[in-house]
Amino acid sequence: MPSRKTITRRVFIASAVLAGTALALLPQGAKTAIKIDLFKTLEAVQEVLFPRGLAAPSAIEFGATAYLANVSTHSSFLASDLRFLKHGAQELMNEYNNFLTLNPQEQDETLREFVNEHEVGENWVSFVLYFTIEALLSDPIYGGNKNESGWRWLNHKAGLPQPKVPYAQNLKGEVI
Amino acid sequence: MTYDVCIVGTGAGASGVAHKLVEAGMNVVMLERGGFYKEEDFSKDEIAYCKREIVTPSFEDAYHTIESLRNGKWTKKSTRDTESTYFNGNIVGGSSNFMSGYFHRMKPKDFKLKSTYGPIEGANVIDWVSDYNEFEPYFEEVERLVGVSGEITHFKYHEPRSTKNFPYPALDEHPISTKIDDACKKLGYVPYKTPRAILSKAKGERSDCYYSNYCGSYGCSSGAKGSSRASLLQPMLKKKNFNIITHAFVKKLIEQKGKVVEALYVDTKTKEEKNVQAKLFIVAGQAVESSRLLLNSKSKTFPNGLANNTGQVGKNLLFSGGGIGSGQFDENSMALKELMKEGLFVNRSLCDWYFYEEDGKEVKGGIVDFLFEHANPMTKATKQRFENGKVLWGKELQDKIYHKLNKTKQLNFEIFNDWLPTDNCFVSVDEKYKDAYGVPVANIRTGAHERDVEVGRFLAKKAENVLKEMGAKDINSSISSAPPPNLQAGGCRFGDDPKTSVLNKYCQAHEVGNLFVTDGSFMPTGGSVTYTWTIYANSFRVGDYIVQNQKVWL
Ligand SMILES: Cc1cc2nc3c(=O)[nH]c(=O)nc-3n(C[C@H](O)[C@H](O)[C@H](O)COP(=O)(O)OP(=O)(O)OC[C@H]3O[C@@H](n4cnc5c(N)ncnc54)[C@H](O)[C@@H]3O)c2cc1C
Ligand code: SF4
């Protein structure tokens with residue numbers, strides 16, 4: 001419970017060099033892009049990043065992609081963040097257009113290669129992870145943390161009162 | 001209709017004075033850019049309050065430009081591009097809703113830094129035109145009305161008090177506090193019990209603290225936290241002579257014949273422009289936004305902004321010097337069941353070096369507050385995704401997250417020392433950068449004096465000693481001149497000389513008789529403490545002055 005706030009970007013990405021420019025100066029329309037389904041791609045990637053563990057729910061199980069599909073439509077989700085999510089997914093699929101057909105082990109190796117070799121790889125993966133963890137631990141009203149599976153895995157006691165409506169609206173769902 | 005008084009803002013600085021004026025029967029209206037959240041509207045929603053910051057203006061609506069020193073040149077960046085914010089809570093009650101309520105009084109010498117310690121090269125240190133004795137009754141009033149809980153710790157620099165004890169007993173403490181006490185005893189340090197603006201006992205409509213574990217950055221659902229909304233504004237809502245207009249963003253104060261006659265505002269919901277007339281105007285939008293409003297209120301008589309014919313508005317802005325540090329605790333230092341207890345407070349500080357000796361001479365130091373890392377699970381977990389600067393995933397990441405949330409606890413410390421006023425820290429406006437309402441945004445130059453970091457490092461060593469003595473692992477600290485955006489003061493100094501100050505002793509503008517500024521803007525130096533206790537106390541003080549002299553304006 002700090003009294004000293006630090007100035008941070010909303011989403012802290014790995015490389016300080018790219019911070020601030022990576023998101024702001026994205027190419028507006030990629031040249032010879034293959035057509036991708038953003039959320040299908042994200043779902044596959046998130047399941048690799050957060051697979052089912054002995055006790056841990058997997059990304060699909062706790063609703064990681066459903067969460068992103070939901071929150072990315074709200075006005076508080078930065079347009080530049082959504083652009084970067086799309087950009088990285090596009091780059092991944094441009095490089096590895098068979099990504100969705102690979103088995104989990106191969107997908108994991110492919111992602112590691114993407115991180116090591118592609119300019120946006122590491123930032124993008126850490127970015128996707130950021131939102132994956134949001135989905136794991138946010139209140140279920142946002143569409144992730146399905147059946148509180150994230151909280152139950154981590155023995156997390158939710159702060160009270162829990163929100164009854166998302167985005168700090170009033171009980172009628174209106175902006176206050 | 002013409003109100004007696006129109007107040008811009010509803011935070012700590014606005015509400016102390018509002019309380020005094022309304023109690024005295026004056027007809028008061030407050031204008032607040034945000035909405036009105038009550039206890040029942042708040043929740044512990046990390047997404048809404050900490051990630052998407054729903055209670056601050058969106059980047060489309062408003063932003064700041066920040067000038068920082070890069071390779072010897074002042075470089076300007078928009079917070080729209082850096083995606084960071086200098087807004088801290090813009091709803092009724094302002095950022096006081098979201099504070100943690102660590103409360104320290106300034107010390108008598110803080111009011112007389114220049115005459116006590118002499119000038120510092122490169123810093124614009126001056127004495128205050130008021131002193132501790134004048135403030136003391138108001139510090140005490142804050143203890144009662146806003147509510148401060150705690151227990152007096154005697155140490156050599158303790159400020160004089162007119163009452164023996166705090167009106168509310170100390171809050172319940174986590175078992176780690178005893179470990180801090182033991183370590184301090186061994187080191188010969190005084191473990192100082194931190195006063196908090198949190199009720200340990202119910203007061204009127206406000207319930208006592210239920211140790212929700214999510215305090216700073218969250219609104220309080222019990223009313224225990226001493227926000228200006230819960231403590232001062234809500235109790236007045238039934239009064240006929242009091243009115244709060246929400247979603248009212250004040251663009252400009254209109255001046256005629258040397259007096260403010262009207263506040264021009266835009267209803268942020270309907271985008272309609274409206275205005276309010278009053279006999280007396282008070283500005284308290286938090287330091288940066290207050291200077292911005294004056295600088296943007298240009299007129300024939302005040303071509304450089306209201307009350308700014310000597311060019312002082314926005315100058316000598318203050319943040320808080322210091323930084324943060326931490327150490328890790330696990331089952332080796334304490335039974336896990338004890339260590340992982342939630343909600344209880346640490347409430348320990350070090351104040352022994354508020355003043356200290358350097359080269360045989362007393363110099364100004366500061367304080368250390370100990371506190372647990374914020375309970376926010378997402379924030380804790382997302383930090384785990386890097387190891388040695390490389391991104392981590394799969395089982396490795398899952399194990400790390402599990403361990404972090406279940407097996408360890410991080411004890412943090414925060415250092416607060418003076419942010420010396422300099423020519424390189426100020427607010428200005430630039431017609432090139434405007435918000436959604438066409439109003440130039442505040443540009444903030446954030447330069448700091450190098451001395452701030454030296455003092456911060458000295459204090460961090462002491463805090464690290466305590467953590468070491470307690471057996472913490474991975475002890476580190478980060479002291480820098482990065483400004484904490486939520487701890488703002490200065491910009492409209494008070495003083496006797498109109499050439500070097502914006503406000504007089506009672507925070508009335510030298511150049512405009514019916515204009516007061518009552519947030520932290522008046523402070524020429526800030527003390528080595530967070531500012532809110534001082535802001536509340538001063539707001540009460542100015543309130544008394546206005547009530548006593550009301551016939552001048554009404
Ligand atoms: C997370 C956090 C933790 C903190 N912890 C501590 C702590 O432990 N101890 C401590 O002492 N302090 C703490 N603080 C700081 C404390 O909240 C501030 O010092 C205090 O609230 C400042 O009071 P103020 O009146 O200057 O501004 P605020 O309380 O912010 O109020 C300003 C109000 O004015 C409104 N406003 C601004 N411009 C306009 C305009 N043009 N038109 C209409 N309305 C306007 C704003 O929307 C806002 O509601 C903390 C702050 C935060 C955010
Ligand atoms: S109940 Fe206590 S811990 Fe929770 S927000 Fe209120 S004051 Fe803070």
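Numbers restart at 1 for each chain; the letters A, B, ... are given by sequence-line order, proteins then strands.
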Select one option (side chain, backbone, both, neither) describing which atoms of [X] are under 4.5 Å from chain B's heavy atoms.
{"X": "A/Y142", "answer": "side chain"}
{"X": "A/V48", "answer": "both"}
{"X": "A/L111", "answer": "both"}

Which heavy atom of [X] sits nearest to which heavy atom of [Y], and what is that distance?
{"X": "B/F36", "Y": "A/I176", "answer": "O-CG2, 3.4 Å"}
{"X": "B/S43", "Y": "A/P163", "answer": "OG-CB, 3.4 Å"}
{"X": "A/E122", "Y": "B/V391", "answer": "OE2-N, 2.7 Å"}
{"X": "A/W153", "Y": "B/Y402", "answer": "O-CE1, 3.4 Å"}
{"X": "A/A168", "Y": "B/Y37", "answer": "O-OH, 2.9 Å"}

Answer with side chain, backbone, both or neither: which region of [X] has an atom nearer than 4.5 Å to a non-hydrogen atom of chain A?
{"X": "B/I91", "value": "neither"}
{"X": "B/S221", "value": "side chain"}
{"X": "B/N412", "value": "neither"}
{"X": "B/I415", "value": "backbone"}
{"X": "B/N88", "value": "both"}
{"X": "B/E40", "value": "neither"}
{"X": "B/Y210", "value": "side chain"}

With side chains defined as the heavy atoms from C-beta onward, is the minimum distance between A/D81 and B/E83 less than 4.5 Å?
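When only atoms from C-beta onward are counted, B/E83 and A/D81 do touch, with a gap below 4.5 Å.
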Taking C-beta and beyond as the side chain, do A/Y67 and B/I47 meet within less than 4.5 Å on heavy atoms?
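Heavy-atom side-chain distance check passes, below 4.5 Å.
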Quick check for you: among [options], which has the greatest number of heavy-atom pairs under 4.5 Å with chain A?
{"options": "B/A381, B/G323, B/G35", "answer": "B/G323"}
{"options": "B/V55, B/I401, B/D369", "answer": "B/I401"}
{"options": "B/K390, B/E342, B/K395", "answer": "B/K390"}

Around atom NZ of A/K40, are there more than 12 heavy atoms of other residues, nucleotides or ligands at under 6.0 Å?
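Check fails, neighbour count at 12 or below.
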Does B/E396, at its CD atom, have more than 12 non-hydrogen atoms belonging to other residues, nucleotides or ligands within less than 6.0 Å?
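Not more than 12 within 6.0 Å, no.
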What is the distance from atom [atom1] of [X] to atom [atom2] of [Y], rounded to the nearest 0.5 Å?
{"X": "A/L78", "Y": "B/R80", "atom1": "CG", "atom2": "CZ", "value": "11.5 Å"}
{"X": "A/S138", "Y": "B/E46", "atom1": "OG", "atom2": "CD", "value": "8.5 Å"}
{"X": "A/I133", "Y": "B/M378", "atom1": "CD1", "atom2": "CE", "value": "10.5 Å"}
{"X": "B/T379", "Y": "A/L137", "atom1": "OG1", "atom2": "CG", "value": "9.5 Å"}
{"X": "A/K164", "Y": "B/D45", "atom1": "NZ", "atom2": "CG", "value": "12.0 Å"}
{"X": "A/L154", "Y": "B/H403", "atom1": "CG", "atom2": "NE2", "value": "13.0 Å"}

Using 4.0 Å as the upper bound for N to carboxylate O, is an ion pair formed by A/E134 and B/K51?
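So B/K51 does not pair with A/E134 through a salt bridge.
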Carboxylate-amine/guanidinium proximity below 4.0 Å for A/E174 and B/K269:
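The answer is no: the pair does not qualify as a salt bridge.
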Could you tell me how the ring of A/H156 sits relative to the ring of B/Y214: parallel (under 30°), tilted (30 to 60°) or perpendicular (over 60°)?
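Geometry flag for B/Y214 against A/H156: perpendicular rings.
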Test A/L160 against B/K44 for side-chain contact (heavy atoms from CB on, under 4.5 Å), laying out the working first.
CA-CA 6 Å; A/L160 297 177; B/K44 305 307 180 187; 5.7 Å; no
Donor-acceptor pair, side chain of B/Q398 and main chain of A/P51, under 3.5 angstrom
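Pair found, side chain donor or acceptor close to backbone of A/P51.
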Applying side-chain contact (heavy atoms from CB on, under 4.5 Å) to B/W393 and A/D108, what does each step give before you reach the verdict?
CA-CA 10 Å; B/W393 69 77; A/D108 189 274; 3.0 Å; yes
Test side-chain contact (heavy atoms from CB on, under 4.5 Å) on A/K157 and B/N213; report intermediate values, then the result.
CA-CA 10 Å; A/K157 278 198 247 81; B/N213 200 31; over 6 Å; no
Between A/N170 and B/D41, a side-chain donor and acceptor under 3.5 Å
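Looking only at side-chain atoms, B/D41 and A/N170 do not form any donor-acceptor pair under 3.5 Å.
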